[in-house]
Structure formats: C-alpha cells, structure tokens
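Data block below; observations after.
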Amino acid sequence: MEYFPIFLRLQDEPCLLVGGGEVAVRKARLLLSAGARLTVVSPALVAELAAMAASGEIRHLPREALAADVSGYRLVVAATDNREVNRMVSQAAQAQGIPANVVDDPELSSYITPAIIDRSPLVIAVSTGGGVPVLARLIRARLESLIPAGFGNLARFASRFREQVKARFGNVEQRRAFWESVLEGPLAEQVMNGNEAAAEAEMLARLAATDTPPSGAVYLVGAGPGNPDLLTFRALRLMQQADVVLYDNLVAEPLLELVRRDAERIFVGKQRANHSLPQEDINSLMVRLASEGKRVLRLKGGDPFTFGRGGEEIEALAAEGIPFEVVPGITSASGAAAYAGIPLTHRDHAQSVTFVTGHKQDGSIALDWPALTREQQTVVVYMGLTMAAELCAEFIRHGKAATTPAAVVERATTLQQRTVVGTLETLPGLIQAHSISSPALIIVGDVVALSPRLGWFRRAETAPGAAG
C-alpha cells in the first residue's frame, strides 16, 4: 500500500486551513463535521466562510500565511490557488511532524483525504492514492446507494449492547453468530425504521433467553415494471438478505439475478386461468417459512398494493402475528407510461387517471363504465390483454368515441418493450397483428396521441389511422 488507511480523531483538536475560496469551504465543512477547532488563514473569505467566522464556528486570521502559522496544530490543510504558498505550508508542517494535505496535490501532501461515506459512527473511506479522485467519488456514489442511512442508527444501537453480548457469549464464534443474526434480521430493520423501543425489547429478550428461537419476517417488495435499474435501494438490499424468495411470473429474470445467490427460490406465479399456487397456499407458505425463522422475500412485479394482492397477503400475516414490511415499487402503469412517452396526466388532455383491472377472478368484465368514459381522463387497464376486444367495445358502447387514442405497452421498461398506438376501434386488431403478449398494459385517453412524438425509449409503432 502506498498509503496506510487510518482514522484520525479530531474532536476538539486545533486544525489549520490555509485558503479562503470555494475549495477551502469544502474542507472546512469536513473538518467541522469531525469536531475540529478550526483556524482559517486567508486575506479574504468567500461568503460561507465569512458567515462561519462571524458566527464563531471558525477563527479567522485575515492575512497571508506564514511558515510559523503551522505550530501547535494537529492537522494542516493548504487550499489556496498558489502552489508555492501550498508548498511552503506543507513543508513547514511536515518539518514539525504535523500531517499536511495540499488539496488535489498528492506530491506535496503527507496524507490524502479519501472519498467518504458518512453513516456515523459508521464511516467508510475510499481512496485511489490521490491518482484518480473522480474514480474514488464514483465508487463512493455506488456505495452510497447500497448502504442505507439507517446503518448509522444500527451501529449506535449495536454498540450499546457490546459489553452485554460479550458477557452473555464467552465464545468468539458464538458472539459472531449472534451479531450476524441481529444485524441481518428483522431486529435490524426495526432499528433502521426508527422503532428502537421494540428492537431494544427484542434484544434484551434474546440476551436473557437460554435458547433463543429463530425470528423470521416477510418482506413484500415491489420489483417495479421490469428494468432492474428502477428498483429502490431498499428493495435491492432486502433481495440480498433474503433466505427464501417467492416470486411470480411478472418478475423479470434479470431482477432474479440480483437475489442472494444461495437464497431458495420458489415460483408462485399466477397467470390467467393457470395459478401455480392458489393465493391461500401462498399465504400459508409465507407464514410457515417465517415461523421457521426465515427471512422471506415476497417479490412482486410493479407495486405490491397496486393489483398485486399485497393487502390480502399482509392480512394473513397479521392474523398469524408474523412481522412484515411492505416496500413499494414503481407501478407498472407509471413505468409503462413514462417509457412509452404517455403522460398519465396533462393539463391539455387529462386531469385525472384511473387504474382498473381488465377482468374479475371469474373472467367477467364488471367496471364502472360511466366513470371510465368521462372526458379529460386517462384509463390504465391491468390484465386486460386477453379481453382487449371486449374492453374496447364496452368503452365505445358506453359513449367513448371509436377514434379515442389507445395503446398497448408490452414488457415495459425492458429492452423488449413494444408500444403499439391505435384507437379504441383498431387496437384489438393491432394487438393480434403484432402478436402482443403478457405482460402488457392498455392505456386509453387523449394523452396516448403524444406517444409517437414523446416516446423516448423505444419509438412507438403507430398504426395507420391512429390518433396523433
């Protein structure tokens, strides 16, 4: 290693910053966040540093820096735009054994400042040895997306019980196993969700028990419309922690590749007239697996609460006292509309949007047609592909013009997405002609006419005679 990674305690330590510009502002914020007593030497200060000086956050010496200024400081940072001044300050500090950093100049520095992910007391530093700081920042951005803000709360919570855990488990392996069960299980999720009182009660119960039973939970996670990049950070983290994953046919294969490699995968998909598992059996399976102490991920396409039967499933979990959490996802309607260039609402075309399902459990169509055929609204039909002809006919029969723009979006947000635009009159034939298959959504309303012009992702296939 060219640089030895180390964390330096600066709480109430005197530190010197030479420079008063925008670069110095960034360093001042960082040093103050570490609790340093900061002195800034510069003839002039930018507005933010001047405000810090006026409020007493920093001490300001309004003059050019001198070599003697470095004496008595724990850390020195040079952040001027004059390399010779920076060199003088750094050499004077190093001559006295004081760590010195010249911003963006590793050659003149005795230490470098890494890119930092701050989840205090958890702090992660990333460095490329000063050679490619942009790469370090890119890596930091990746880590920021994977490490929840709640990890800081979890670190503080766990540190409170460190001595009790040591006293309870004399064996290092036992302690490690205990901490892993705590930091990767439902108790940790309670802490990160802000429910520390319940987490503390469970922690104390675990420490008091001679034989702690396994503690499981179920996480209903929305996988979004298909594109893995549209997953939420929380969904991705829970996918990496799950012991068992229950998924349906609307979950795209690339999404499953993000699940923990050794997690058990159980397909519980439902297609029209072909349910691999009845809903009651899925509910029972979740209860059984969680009761065995497993972390169960119920992965659903779109959002669990938008035609995903999430409400039914958590009712079953609540009735059995199984801990659960619902993680929303981007709805299929939102994803399909956005990627097809169809604004669901638009001041000139639609002041409301309605989501409906294309058929009931028995296969019949029973919708509030007077409400759905009002002007200035968009209607999104889930699970309506096989009933498209009947749906379009009903729209027309209840007063909607046959020329009303209508579209079908197949495999939305993925590279296989296809958007076919027509009218209520032509859409059923277009679906058949283009061999559109599930998963697909139907969108009806004047906003659909915007798709050929606004469809940024994959250009809409506009049929002859289509509106717009």
Side-chain angles (χ1 to χ4, degrees), residues 224-227 230 302 306-307 330-358 365 367-468:
N227 188 333
L230 298 180
T306 305
F307 299 120
I330 293 177
T331 67
S332 298
S334 294
Y339 274 57
I342 303 173
L344 292 176
T345 60
H346 189 290
R347 284 192 301 175
D348 297 331
H349 302 290
Q351 278 70 57
S352 65
V353 59
T354 301
F355 299 163
V356 298
T357 180
I365 299 177
L367 299 174
D368 184 357
W369 292 109
L372 296 181
T373 52
R374 292 173 187 153
E375 296 300 312
Q376 295 283 298
Q377 78 167 326
T378 305
V379 178
V380 180
V381 185
Y382 283 70
M383 297 171 282
L385 193 63
T386 59
M387 306 288 288
E390 293 89 337
L391 284 165
C392 290
E394 288 295 314
F395 269 109
I396 296 170
R397 190 168 74 84
H398 286 85
K400 220 43 174 164
T403 56
T404 300
V408 61
V409 186
E410 177 189 56
R411 303 187 184 281
T413 75
T414 72
L415 293 177
Q416 293 75 43
Q417 174 177 314
R418 289 194 294 167
T419 303
V420 177
V421 177
T423 66
L424 285 175
E425 185 175 42
T426 63
L427 189 65
L430 292 172
I431 289 173
Q432 185 173 7
H434 288 270
S435 301
I436 300 296
S437 60
S438 183
L441 288 178
I442 294 172
I443 305 177
V444 178
D446 291 344
V447 290
V448 171
L450 301 173
S451 180
R453 183 160 51 92
L454 304 182
W456 60 272
F457 181 62
R458 293 175 71 81
R459 303 306 299 175
E461 302 176 37
T462 306

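Below, all heavy atoms of this structure are taken into account, side chains as well, without hydrogens, waters or symmetry copies. Each residue takes its place number in the sequence, starting with 1.
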**Asked** Under the salt bridge (charged side-chain N to carboxylate O under 4.0 Å, His left out) rule, what pairs show up with a residue in residues 403-417, not counting sequence neighbours?
**Response** Glu410-Arg418
Over all atoms of both residues, closest heavy-atom pair of [X] and [Y]:
X      : Y      : value
Leu391 : Gly384 : CD1-O, 3.6 Å
Pro428 : Ala389 : CG-CA, 3.7 Å
Gly302 : Ser332 : CA-OG, 3.8 Å
Val447 : His346 : CG1-CB, 4.0 Å
Cys392 : Leu424 : CB-O, 3.3 Å
Asn227 : Thr414 : N-CG2, 4.3 Å

Measure the [atom1]-[atom2] distance between [X] and [Y] for me, rounded to the nearest 0.5 Å.
X      : Y      : atom1 : atom2 : answer
Gln417 : Tyr339 : CD    : OH    : 8.5 Å
Glu375 : Lys400 : CD    : NZ    : 4.5 Å
Ile396 : Thr423 : CD1   : OG1   : 7.0 Å
Tyr382 : Thr331 : OH    : OG1   : 4.0 Å
Leu385 : Ile442 : CG    : CD1   : 6.0 Å
Ile431 : Ser437 : CD1   : OG    : 11.0 Å

**Item:** Atom CD of Gln351: over 12 foreign heavy atoms under 6.0 Å
**Value:** yes
**Asked** Sub-3.5 Å donor-acceptor pair from the side chain of Thr404 to the main-chain atoms of Ala401, do we have one?
**Response** yes
**Message:** Would Leu372 and His398 count as a side-chain contact (heavy atoms from CB on, under 4.5 Å) here? Give the steps.
**Reply:** CA-CA 9 Å; Leu372 296 181; His398 286 85; over 6 Å; no
Taking the side chain as every heavy atom from C-beta outward, state whether [X] and [Y] have any atom pair closer than 4.5 Å.
X      : Y      : answer
Leu367 : Glu394 : no
Val408 : Leu430 : no
Phe457 : Thr419 : no
Thr378 : Ile443 : yes

